[in-house]
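The first residue in the sequence is number 1, and the count goes up from there. Values in this document were obtained by computation on a predicted structure and should not be read as measured data.
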Amino acid sequence: MAALNVGNVGEYLREQRRSAQLSLRQLADAAGVSNPYLSQIERGLRKPSAEILQQLAKALRISAETLYVQAGMLDERERESVETRAAILADPSINERQKQALLQIYESFRKENGAGAEAP
């Protein structure tokens, strides 16, 4: 796991908050964190936990995995893999057996192409 890149995640959060046209206080309230704590995260003074990043992502309506990548908790390839699995599992048009078959095929292709070990 990479070291936490506090500055980048803070800058990224500030950009996302501004593009969502939310004040610091509005985002803090929506995410269930204190206004000063969010300010410290945005300024790169605090290291948010994965749980806090997930709350912020939900409030901003963005992928939590995107924030994990920005924080250095997850690399880009892992994020893409997590999002692919989530998309398969969330598809209401296929049944559970089909979802599991797709996930097995996906993992076999990843292994074949050297993408690493199977994720949980």
**Spacing of CG belonging to Leu27 relative to CG belonging to Leu60, to within rounding of 0.5 Å** = 4.5 Å
**Complete:** Heavy atoms of Ile88 and Ile94 approach each other most closely as O-CD1, 4.2 Å
**Message:** Under the salt bridge (charged side-chain N to carboxylate O under 4.0 Å, His left out) definition, can you give me all pairs with a residue in residues 18-31, not counting sequence neighbours?
**Reply:** none
**Prompt:** Which atoms form the tightest heavy-atom contact between Ser108 and Ile105, and what is the distance?
**Reply:** OG-O, 2.7 Å
**Prompt:** Side chains of Ser63 and Tyr68: does their closest heavy-atom pair fall under 4.5 Å?
**Reply:** no
**Complete:** To the nearest 0.5 Å, atom CZ of Arg14 lies from atom CG of Leu38 at 9.0 Å
Side-chain donor-acceptor pairs under 3.5 Å in residues 49-59, sequence neighbours left out?
unit_1: Ser49; atom_1: OG; unit_2: Glu51; atom_2: N; d: 3.4
unit_1: Ser49; atom_1: OG; unit_2: Ile52; atom_2: N; d: 3.2
unit_1: Gln55; atom_1: NE2; unit_2: Ala31; atom_2: O; d: 2.6

**Prompt:** Out of curiosity, Lys99 NZ to Arg85 CZ, how far, rounded to the nearest 0.5 Å?
**Reply:** 15.5 Å
**Asked** Just by distance, do the side chain of Arg17 and the backbone of Leu13 share a donor-acceptor pair under 3.5 Å?
**Response** no
**Message:** To check you understand the geometry: which heavy-atom pair defines the closest contact between Gln100 and Leu89, and what is its length?
**Reply:** NE2-CD2, 4.2 Å
**Prompt:** Atom OG1 in Thr84, atom CD in Glu107: separation rounded to 0.5 Å?
**Reply:** 9.5 Å
